[in-house]
Amino acid sequence: VEILDNTGKVRFTINKNDYYINIGNGRNGPYNFPFKDGYGLLSDYSGFNWVILDSNGKELLKSDGTKSVNHEFSGKYFVFRDSETYFFGIMDIKGNIVIPAEEQRIIWLDKEMFCRLNERDESEVCDYKGKVLFTVDGPLSRFNHGYAFVPHQGRLDFINSKGETVNTTSLYYGAISYWDVELLDPIFSRKE
């Protein structure tokens with residue numbers, strides 16, 4: 001399997017037989033191999049068999065079978081799920097536990113902070129020491145260029161990275177979503 005950069009140049013090659021990755025129906029190969037922030041995560045369908053590679057194909061960390069790793073990662077931080085308790089935590093690229101596996105749900109994380117859902121369905125945005133930076137009522141979207149949104153009581157509240165509401169709009173149906181799109185910053189306007 002050749003891993004290409006965004007110009008089409010081959011960065012490195014992996015042999016799918018070097019990593020027995022069960023992709024279902026008796027086949028093996030790279031099930032899912034996202035790259036982000038210089039790291040790639042190669043994992044099987046269950047998430048318990050995985051390996052983290054750098055952008056040159058060097059193996060940095062490999063599964064020991066006690067944690068499943070999903071594709072929620074940013075920078076050197078990866079969300080994992082404990083195989084015994086099924087609670088979530090966060091580890092770094094060296095396998096050190098940064099946030100213990102005591103969280104029922106981690107919604108997202110980025111290089112500076114992560115978001116967990118507490119027992120009251122509030123989103124708590126925390127730093128990697130576990131300190132709660134702010135709380136919002138409901139599921140908070142991932143930040144994009146310093147802004148995020150949360151559906152709340154029939155409206156959509158847009159907040160900044162300090163947790164301050166900067167705009168509110170009606171929520172008609174569904175929700176909007178975006179994923180780190182460089183060219184689309186939130187634009188707020190009010191009718192006079």
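Here, residue 1 is the first one in the sequence, and each next residue gets the next number. Heavy atoms only: backbone and side chains are in, while hydrogens, waters and symmetry mates are out. Everything numeric in this text was worked out from a predicted model, so none of it was measured.
A pairwise comparison of heavy atoms in Leu53 and Phe35 identifies O-CE2, 4.3 Å as the closest pair. The two residues Phe12 and Asn56 come nearest to each other via the heavy atoms CD2-C, 3.4 Å. Across all non-hydrogen atoms, the minimal contact from Ile93 to Ile52 is CD1-CG2, 3.3 Å. The two residues Asn160 and Phe143 come nearest to each other via the heavy atoms O-CE2, 3.4 Å. Closest non-hydrogen pair, Leu140 versus Cys115, comes out as CB-SG, 4.3 Å.
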**Study point:** salt bridge (Lys or Arg N to Asp or Glu O under 4.0 Å) assessment of Arg155 paired with Asp157
**Key:** CA-CA 6 Å; Arg155 65 183 194 266; Asp157 293 337; 2.9 Å; yes
Check your understanding: How far apart are the C-alpha atoms of Ser55 and Arg11, what are their side-chain angles, what is the distance that settles it, and do they pass the side-chain contact (heavy atoms from CB on, under 4.5 Å) test?
Key -> CA-CA 7 Å; Ser55 59; Arg11 290 297 302 260; 3.6 Å; yes
Check your understanding: Would Ile159 and Val166 satisfy side-chain contact (heavy atoms from CB on, under 4.5 Å), going step by step from the backbone distance to the final call?
Key -> CA-CA 5 Å; Ile159 66 168; Val166 294; 5.9 Å; no
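Rounded to the nearest 0.5 angstrom, Lys36 NZ and Ser74 OG are separated by 4.0 Å. Going from atom CG of Leu60 over to atom NZ of Lys76 covers 13.0 Å, rounded to the nearest 0.5 Å. Distance check: Asn96 CG to Leu61 CG gives 9.0 Å after rounding to the nearest 0.5 Å. Remark: Ser63 OG to Phe48 CZ distance equals 8.5 Å, nearest 0.5 Å.
Cluster partners of Tyr77 are Val79, Phe88, Ile90, Val98, Ile99, Ile106, Leu109, Phe114, Tyr128, counting Ile, Leu, Val, Met, Phe, Trp and Tyr whose side-chain heavy atoms approach within less than 4.5 Å, directly or via other members. Counting Ile, Leu, Val, Met, Phe, Trp and Tyr side chains that sit under 4.5 Å apart, directly or through other members, Leu4 shares a hydrophobic cluster with Val10.
Sorted by first and then second residue, the pairs that involve residues 97-113 and meet side-chain hydrogen bond (donor to acceptor under 3.5 Å, both in side chains), not counting sequence neighbours, are Glu103-Arg116.
A heavy-atom distance below 4.5 Å is not found between the side chains of Asp82 and Thr66. Glu124 is not listed as a side-chain neighbour of Val136, based on a closest heavy-atom distance of 4.5 Å or more. Asp121 is not listed as a side-chain neighbour of Asn118, based on a closest heavy-atom distance of 4.5 Å or more. Contact annotation: the side chain of Met113 approaches that of Leu133 to within less than 4.5 Å [non-hydrogen atoms, C-beta and beyond].
Checking side-chain atoms of Asn144 against main-chain N and O of Tyr147 turns up no donor-acceptor pair under 3.5 Å. Between the Thr165 side chain and the Asn167 main chain, no donor and acceptor come within less than 3.5 Å of each other. Checked by atom type and distance alone, the side chain of Ser141 never pairs as donor or acceptor with a backbone atom of Ala148 at under 3.5 Å.
With hydrophobic clusters built from ILVMFWY side chains whose heavy atoms lie under 4.5 angstrom apart, Phe80 does not share a cluster with Phe87.
Aromatic ring pairs are classed by plane angle as parallel below 30°, tilted from 30° to 60° and perpendicular above 60°; the pair Phe78 and Tyr39 is perpendicular.
A salt bridge does not link Lys67 to Glu84: none of the charged side-chain nitrogens sits closer than 4.0 Å to a carboxylate oxygen. Using a 4.0 Å cut-off between a side-chain N of Lys or Arg and a carboxylate O of Asp or Glu, Arg120 and Glu122 qualify as a salt bridge.
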